[in-house]
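Atoms considered below: every heavy atom in the structure, side chains included; atoms not considered: hydrogens, waters and symmetry mates. Throughout, protein chains are lettered first and strands after them, A, B, ... in sequence-line order, and every chain is numbered starting at 1.
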Protein chains: 2
Amino acid sequence: MIAYRSLRVALLGGGSVGSQVARLLIEHGPELAQRVGAELELVGIAVRDVDAKRDVELPRELYTTDAETLILGADVVVELIGGLEPARTLVLQALRSGADVVTANKALLATHGPELFEAAEQVGAQLSYEAAVAGAIPIIRPLRESLAGDRVKRILGIVNGTTNFILDRMDTSGADLDDALAVATELGYAEADPTADIGGYDAAQKAAILASLAFHTTVPIESVHREGITSVTAAQIESARKAGYVVKLLAICERLTDPDTGEEGVSARVYPALVDRRHPLAAVHGANNAVFVEAEAAGSLMFYGAGAGGVETASAVLGDLVAVARRHVVGGPGLAESTHASLPVLEIGKVITRYAVTIEVTDEPGVLATVARIFADHEVSVEQLEQSVSAAGTATLVIGTHHARESALAETVTALEASPVVSQIASVLRVEGA
Amino acid sequence: MIAYRSLRVALLGGGSVGSQVARLLIEHGPELAQRVGAELELVGIAVRDVDAKRDVELPRELYTTDAETLILGADVVVELIGGLEPARTLVLQALRSGADVVTANKALLATHGPELFEAAEQVGAQLSYEAAVAGAIPIIRPLRESLAGDRVKRILGIVNGTTNFILDRMDTSGADLDDALAVATELGYAEADPTADIGGYDAAQKAAILASLAFHTTVPIESVHREGITSVTAAQIESARKAGYVVKLLAICERLTDPDTGEEGVSARVYPALVDRRHPLAAVHGANNAVFVEAEAAGSLMFYGAGAGGVETASAVLGDLVAVARRHVVGGPGLAESTHASLPVLEIGKVITRYAVTIEVTDEPGVLATVARIFADHEVSVEQLEQSVSAAGTATLVIGTHHARESALAETVTALEASPVVSQIASVLRVEGA
């Protein structure tokens with residue numbers, strides 16, 4: 001048993017993301033401690049109402065309404081209140097007290113980013129915000145670090161799940177905006193007041209954050225050109241489809257030359273745009289998010305995943321929390337953490353997968369039963385079987401199995417090979433990704 | 001003019017990646033210095049033959065055959081020699097001298113990873129290897145950091161560009177393996193001896209690295225089950241297509257339960273497998289790479305981009321180099337670097353984009369000329385024009401423009417609105433992503 005030092009984590013906000021962060025912190029505590037090299041101790045959750053009903057049940061004594069006291073003495077403060085105030089004041093207070101801050105608050109960063117970063121820098125504290133853009137999709141860290149030696153030329157982002165759901169729905173069903181919005185609301189993809197999403201405000205905040213980061217330049221939210229999807233019609237989407245395009249609400253960050261002065265500048269803008277159906281962004285359906293990055297040396301990259309649900313966003317928050325906490329631990333971000341788990345590596349025979357087997361059999365009564373018996377004898381369940389007559393006297397069987405143990409599947413194939421009714425094993429392939 | 005301290009960077013290997021790293025280090029020197037807060041001084045490039053002909057021309061005095069001397073006194077050593085020896089010995093030497101190491105060497109990591117990580121940890125040095133898997137696609141850092149608070153369940157990776165090119169070619173053209181390989185060789189996607197790629201050895205090394213990282217467990221290369229694509233036939237691909245599948249060479253890393261003991265274990269394996277055509281991995285064409293990650297909280301994520309070309313890999317190496325160098329700079333990874341560039345944010349009117357405009361016009365002679373004149377007057381070049389008759393006496397024009405300044409496009413639309421031949425502007429949308 002290793003005794004770890006402990007890092008005090010204060011959580012501000014107990015909503016859907018906050019509850020998930022708290023749950024994962026507690027449930028995965030020992031695993032996280034190993035990865036960090038220090039225990040992450042949840043010292044409290046600041047909320048408006050201690051007795052409010054919540055999705056995740058946690059000990060009542062964790063809750064407090066006194067955020068300011070909670071911050072005092074915390075090593076890391078996780079801000080998940082959202083909105084500008086009191087989030088701004090509390091984050092500044094936390095940073096000035098020397099705590100590191102992890103936040104998912106896009107409005108705060110887009111509006112007060114420079115002030116917060118300056119406060120962090122003055123005391124050498126860290127301010128991390130992977131969860132602020134595109135939920136669990138790692139995009140902040142790749143831009144800040146992986147592409148730090150490259151030059152980003154352009155970012156095209158589908159960064160708002162609600163509007164992507166609506167536009168995708170319009171595209172696939174022919175619905176108009178109001179109907180698609182109604183479906184989105186019913187399914188919980190749109191809020192009661194959908195203005196922030198369909199008006200493009202949410203996407204504009206994310207564009208400001210991405211552009212600031214990609215171009216190492218302060219891009220204030222006021223300088224982001226913003227058009228929402230409210231004027232997009234079913235007719236537009238229909239003619240886009242006919243022309244080989246799909247309509248997507250894009251957050252665009254671009255490095256460009258000022259046509260008047262010839263000097264280098266940047267642009268951040270949000271509007272519904274036509275995207276060629278062969279472009280990877282066109283394949284981003286439903287409420288998913290994706291960020292397409294074009295860089296000078298790296299070429300085109302795309303980051304794709306679920307939009308910002310509570311648990312997905314919590315994953316990004318925890319990633320930041322672990323990274324921030326690692327820097328607290330003496331010796332910096334240890335590398336040996338990579339192998340602390342030491343799980344056994346299982347041989348291929350223990351893997352659970354599916355097979356697609358094509359065999360040639362003699363075309364006579366009872367063959368199907370014989371083949372089916374061979375699968376059953378090895379406890380491999382057949383999902384699908386297709387028979388077609390090939391040469392005279394022979395038939396081709398294509399058999400798709402359910403998930404089964406690899407060794408059982410392999411033995412089944414061996415038994416098929418030995419069977420007198422099988423004249424040839426034409427193909428054996430595993431089926432993956434489902 | 002800010003005076004930066006200087007970090008000494010030693011480059012081992014002057015091949016296609018090494019040359020690009022050296023070029024970018026020199027060309028982007030001032031920009032990188034700002035991002036790091038220290039100058040990255042290229043002190044030398046260790047090669048076998050100082051006088052060999054190279055893609056990128058650099059001062060001859062940078063080259064040396066004496067790698068061991070070059071390492072001495074370096075703050076960061078970038079290993080791009082490839083293969084096991086002398087790479088292993090030199091990397092160990094560098095780490096033991098206290099230098100940080102950046103490497104793109106997948107064979108080295110898959111084979112001697114634990115030894116190298118231990119050496120690094122003993123002296124508190126960093127060992128970074130983003131470029132070792134999937135070229136410029138950030139996958140190591142997301143796994144190490146972004147998903148550090150989550151639990152990875154499965155990784156499905158298309159991590160070898162050569163085999164993906166070959167399988168994609170077989171799928172789209174019906175070619176057999178030999179013909180597709182010949183095309184890959186001709187286009188430079190396959191090496192003269194393609195064994196490492198088509199035999200699955202390259203993918204297996206990457207699977208070992210990804211599995212070790214994702215599951216915090218040492219996964220030796222010998223424990224990776226490996227099947228190449230050599231037995232994949234045109235007939236298999238044809239019947240896969242008919243059944244709605246595509247054949248991809250997958251590197252699979254999976255957390256699973258040992259069916260015999262009921263205990264948790266991991267599996268790393270490489271084989272050609274059937275993937276549903278609706279799966280995001282099925283849309284990865286040509287020599288591109290993609291890594292599909294399923295995590296407990298984050299859900300499904302995909303990272304997509306170009307395979308490992310010289311300049312793409314150099315981007316990943318430089319990203320690591322900047323990250324490693326930042327930790328050398330007092331005060332840790334400064335956050336203010338995010339805004340050092342301070343480029344002007346340009347208003348929307350200065351953006352260069354394309355428009356798709358749908359208008360209704362009176363259906364009479366000369367209307368097309370009038371409309372075309374309005375575009376020309378605003379210096380907007382028309383790429384495509386489609387006319388269809390709508391109601392009696394009116395026609396619908398769909399006009400696609402070439403790239404033009406947004407303000408010119410907007411003024412064109414205003415002029416169209418004012419024109420007597422235009423009865424209605426039905427739709428104006430920008431076209432992006434091309």
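- With a threshold of 4.5 angstrom between heavy atoms, A:Ser300 approaches chain B through N, CA, C or O but not through any side-chain atom.
- Neither the backbone nor the side chain of A:Leu281 comes within less than 4.5 Å of any heavy atom in chain B.
- Only the backbone of B:Thr257 comes within less than 4.5 Å of a heavy atom of chain A; no side-chain atom from C-beta onward does.
- Taking the centre and axis of the six-membered ring of A:Tyr271, the NZ or CZ atom of B:Arg430 falls inside the cone set by 45° and 6.0 Å.
- Using a 4.5 Å heavy-atom threshold, the side chains of B:Leu147 and B:Leu301 count as touching.
- Contacts of A:Ile137 with chain B are made by both backbone and side-chain atoms, with heavy-atom separations under 4.5 Å.
- Every residue two or more places apart in sequence or in another chain was checked for a side chain to side chain donor-acceptor pair (under 3.5 Å) with A:Glu222, and none qualifies.
- Interface remark: A:Glu347 contributes no atoms to any contact with chain B (heavy atom separation under 4.5 Å).
- For B:Leu346, the parts lying under 4.5 angstrom from a heavy atom of chain A are both the backbone and the side chain.
- Of the residues considered (A:Asp260, A:Leu40, A:Val247, A:Val219), A:Asp260 shows the highest number of contacts with chain B, using heavy-atom pairs under 4.5 Å.
- Of the possible donor and acceptor atoms, none in the side chain of A:Asp150 sits under 3.5 Å from a partner among the backbone N and O of B:Ser315.
- Listed for the B:Lys248 side chain is a donor-acceptor partner under 3.5 Å among the backbone atoms of B:Val284.
- Contact tally against chain B (heavy-atom pairs below 4.5 Å) for A:Ser223, A:Gly299, A:Ala323, A:Gly113: the top residue is A:Ser223.
- Counting heavy-atom pairs under 4.5 Å between each of A:Gly305, A:Pro142, A:Pro138, A:Ala283 and chain B puts A:Pro138 at the top.
- Partners of A:Phe292 by ring-ring contact (aromatic ring centres under 6.0 Å, His included), not counting sequence neighbours, listed by chain and number: A:His279.
- Residue A:Ile140: no heavy atom, backbone or side chain, is found under 4.5 Å from chain B.
- Heavy atoms of A:Val322 lying under 4.5 Å from chain B belong exclusively to its side chain.
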